[in-house]
Amino acid sequence: MAERGRYKYFDLIMAAFVAVLLCSDLIGVQKVSHVNLPIIGDYIYGAGVLFFPISYLFGDILTEVYGYKRSRRVIWAGFGALVFASLMAYIVTRLPAASTMSVEQQNAVNMIFGQTLADRACLAARILDR
């Protein structure tokens, strides 16, 4: 029973970590935004840079509270979720479109989900980073 109490929030933190990774890779690459900085001027960035640093916070919490072994398990779970999401995006962009979809709708789906293929290089970098 003491073992269960120690890992009370582990599943919640793992789910949050995986959700942040998926948001940063799938949602973040779709939106490019900008902010006007006083000295630098107009700074353009992808919205994913807002999400991804949160994953480091969860990674640090996992390592400090639950240990290195469990932290690595969560990182691998996040990696698996990203690979699965990329595979599903690849399949969705390769499926034939229904006759009811306009060419604009098809192009929009391919533009949104086709960009996740470029993120596969980021996956390899994240493995090497940990």
Side-chain angles (χ1 to χ4, degrees):
M1 179 118 174
E3 186 74 20
R4 177 139 171 85
R6 179 184 159 127
Y7 301 114
K8 184 176 180 179
Y9 298 108
F10 178 75
D11 294 337
L12 179 64
I13 295 173
M14 181 173 85
F17 178 83
V18 171
V20 167
L21 282 181
L22 289 173
C23 286
S24 67
D25 280 355
L26 296 177
I27 298 171
V29 298
Q30 308 308 326
K31 176 72 175 182
V32 178
S33 189
H34 71 93
V35 62
N36 192 357
L37 300 173
I39 297 173
I40 299 172
D42 206 28
Y43 179 73
I44 299 172
Y45 62 94
V49 301
L50 300 174
F51 297 117
F52 188 68
I54 299 170
S55 70
Y56 283 100
L57 175 69
F58 286 123
D60 288 344
I61 291 170
L62 286 164
T63 302
E64 291 295 325
V65 176
Y66 299 107
Y68 186 72
K69 182 179 177 182
R70 287 195 177 266
S71 176
R72 291 202 42 98
R73 185 181 303 170
V74 170
I75 291 168
W76 279 109
F79 175 73
L82 288 172
V83 168
F84 182 74
S86 292
L87 179 65
M88 291 297 105
Y90 177 79
I91 291 170
V92 165
T93 58
R94 298 301 181 261
L95 287 173
S99 60
T100 58
M101 282 187 77
S102 68
V103 175
E104 293 83 17
Q105 289 173 325
Q106 293 175 29
N107 291 337
V109 168
N110 289 337
M111 182 180 75
I112 291 170
F113 291 107
Q115 291 183 13
T116 60
L117 301 176
D119 290 336
R120 291 186 182 146
C122 295
L123 296 176
R126 289 186 184 149
I127 290 174
L128 296 175
D129 183 42
R130 298 289 176 168

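The two residues Thr100 and Gln105 make their nearest non-hydrogen contact at O-OE1, 3.9 Å. Taking both residues in full, the closest heavy atoms of Val109 and Thr93 are given as O-CG2, 4.3 Å, listed atom of the first, atom of the second, then distance. Between Leu21 and Leu82, the shortest heavy-atom distance links the atoms O-CD2, 3.7 Å. Nearest heavy atom pair, residue Thr63 against residue Ser71, reads OG1-OG, 2.9 Å. Closest non-hydrogen pair, Met101 versus Gln106, comes out as O-NE2, 3.4 Å. Taking every heavy atom of both residues into account, Gly78 and Phe17 meet most closely at CA-CE2, 4.5 Å.
Looking at Tyr9 and Val65, their side chains never come closer than 4.5 Å, going by heavy atoms from C-beta outward. Two residues are said to be in side-chain contact when any heavy atoms from C-beta on lie closer than 4.5 Å; Ile75 and Phe79 fail this criterion.
Contacts of Phe84 classified as ring-ring contact (aromatic ring centres under 6.0 Å, His included), with partners at least two apart in sequence or in another chain: none.
Here the straight-line distance linking atom CZ of Arg73 with atom CZ of Phe10 works out to 6.0 Å at 0.5 Å rounding. Atom CD1 of Ile44 and atom CG of Asp42 lie 5.5 Å apart (nearest 0.5 Å). Within the model, atoms OG of Ser86 and CD1 of Ile91 stand 11.0 Å from one another, a figure rounded to the nearest 0.5 Å.
Taking the six-membered ring where the residue is Trp, Tyr43 and Tyr45 present parallel rings, their angle staying beneath 30° rather than reaching 60°.
Residues Val92 and Val103 are members of separate hydrophobic clusters, defined by side-chain heavy-atom contacts under 4.5 angstrom among Ile, Leu, Val, Met, Phe, Trp and Tyr.
Counting non-hydrogen atoms of other residues, nucleotides and ligands closer than 6.0 Å to CD1 of Ile40 gives a total of 12 or fewer.
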